[in-house]
2 protein chains.
Amino acid sequence: MTDSQVQADRPAPRAKAPGKRERLITAAAQVFHEQGVEKTTLGDIARAADVPVGNVYYYFKTKDQLVEAAIGAHAQQLQDLTALLDQLPTPQDRLKALVGGWVGQRDLAARFGCPFGTLASELDKRDDGLDQAAATVMRLLIDWTERQFRAMGHDDARDLAVTMISAYQGMSLLTNTLRDPDLMTTQGARLQGWIDSLA
Amino acid sequence: MTDSQVQADRPAPRAKAPGKRERLITAAAQVFHEQGVEKTTLGDIARAADVPVGNVYYYFKTKDQLVEAAIGAHAQQLQDLTALLDQLPTPQDRLKALVGGWVGQRDLAARFGCPFGTLASELDKRDDGLDQAAATVMRLLIDWTERQFRAMGHDDARDLAVTMISAYQGMSLLTNTLRDPDLMTTQGARLQGWIDSLA
DNA sequence: GTCTATAGATTGATAGAC
DNA sequence: GTCTATCAATCTATAGAC
């Protein structure tokens, strides 16, 4: 992040650009969450990333590629989170910590909903194939949750995982629609109690 | 629907129009569900309702008014449904029938998600005040559900109602994202079992 | 009341100077 | 590599003929 010529992995930037591409991706993910993909213009993203409008196309040839990059950012964030949670001793600790994290973001959820759920929901109404990329990330979350329930000795771990992620997506949507962060707190506590009852 | 000069209630149509306004509202609600509000043009709605584009503005001065009318249609549909369910003998019968209806629409949910949940989610990312209209309709559904749990003797009827509607919204979103109608069946059965356990 | 034509404003994307 | 200027397409909304 300090010197130049870092990150030789990503496709576009040949030599320089001090993280401009990363700035654009972060800005895109944030603005997509706040305004929705369809309502967001490239100008909005450029402004949020402090990059001139026309320069965006040097890094991303289309708007769809920016959406794809935002999905990738969500995937990375999810990987980081689960890696952190995996350090906790028991599966139920990990699951309850996950729920606790969601509750901690209740104010953001009340304003804009779940950052990934609202994105997945919107992408499903588009003709491009990006909805499948979103589905892959959602599956990653369900898979991790399933492993926890499996470790707790449940044969129906998959169904339990789907139930839990469904509960999260649903309470995020209601929290957002009703603009009530407390709803997230109450339902989160209920969810944690449910996890305890399965331990 | 056969003769003219029907329906003297709605604001716009002075004398004629054989349900053109109603056709536009129905078409709007459907296309909004399939494509999302932001991606839908007035041309799309006009085509679906078999009405010339420019004529739309005789009935609705802005696109927002069409969105508002679509919300109203959802509210009406909800009123009709709950009125029907209220004829069932016990509260748990009514709640389980509601869930059964959701499961029956699993193919539609897999394609486009919950007709009202996706709309509410999208409206929350707009600056107009239509998100509050959506919140009102969502509250109507929660209120009705709460009354059922209350009739079953539960003091925490409100929380239970929020849990149940959350579960529905969440499983609709996952069914849609993963394109898997069976998910709705499995989770619906789980939800019905949960209702039984509370009876 | 119904419809065509078009205005007026945005937006995604490109060309080309620096 | 960076940025300005602009094209071409699209969309909401209006004016006005019928």
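A note on names: the letters A, B, ... follow the listed sequences, proteins ahead of strands, and every chain is numbered from 1. Since the model is a prediction, treat every value here as computed from it, not as a measurement.
In this entry the distance linking NZ of A/Lys63 with C1' of D/dA9 reads 15 Å, nearest Å. Look at CG on A/Asn55: it is 15 Å from P on D/dA5, rounded to the nearest Å. Rounding to whole angstrom units, CD of residue B/Gln65 and P of D/dT12 are separated by 15 Å. Here the C1' atom of nucleotide D/dT12 and the CG atom of B/Asp44 are 13 Å apart, to the nearest Å. Following rounding to the nearest Å, B/Lys39 (NZ) and C/dG12 (P) show an atom-to-atom distance of 13 Å. Taking atom CD1 of residue B/Ile45 and atom C1' of nucleotide D/dT12, one finds them 12 Å apart after rounding to whole Å. Whole-Å rounding puts the B/Arg47 CZ to C/dC3 P distance at 16 Å. Look at CG on A/Leu66: it is 15 Å from C1' on C/dT11, rounded to the nearest Å.
Taking for each of B/Val51 and A/Lys61 the nucleotide of DNA chain C with the nearest heavy atom, the 5'-most of the two is the partner of B/Val51.
Contact between the side-chain N/O atoms of B/Tyr57 and the OP1/OP2 oxygens of D/dA13 is found at a separation under 4.0 Å.
Distances were taken from every side-chain heavy atom of B/Leu42 (C-beta onward) to each of D/dT12, C/dA13, C/dT2; the shortest belongs to D/dT12. Among the nucleotides C/dT2, C/dT4, C/dG12, the one closest to the side chain of B/Tyr58 is C/dT2. Looking at the side chain of B/Tyr59, the nearest of the listed nucleotides C/dT2, D/dT2, C/dG12 is C/dT2.
Counting only heavy atoms from C-beta outward, the side chains of A/Arg158 and A/Ile142 approach each other to under 4.5 Å.
Judged by distance alone, the side chains of B/Gln76 and B/Asp80 do bring a donor and an acceptor atom under 3.5 Å apart. Judged purely by distance below 3.5 Å, without hydrogens or angles, the side chains of B/Asp182 and B/Thr185 never pair a donor atom with an acceptor atom.
Surrounding CZ of A/Arg126 are more than 12 heavy atoms belonging to other residues, nucleotides or ligands, all under 6.0 Å away.
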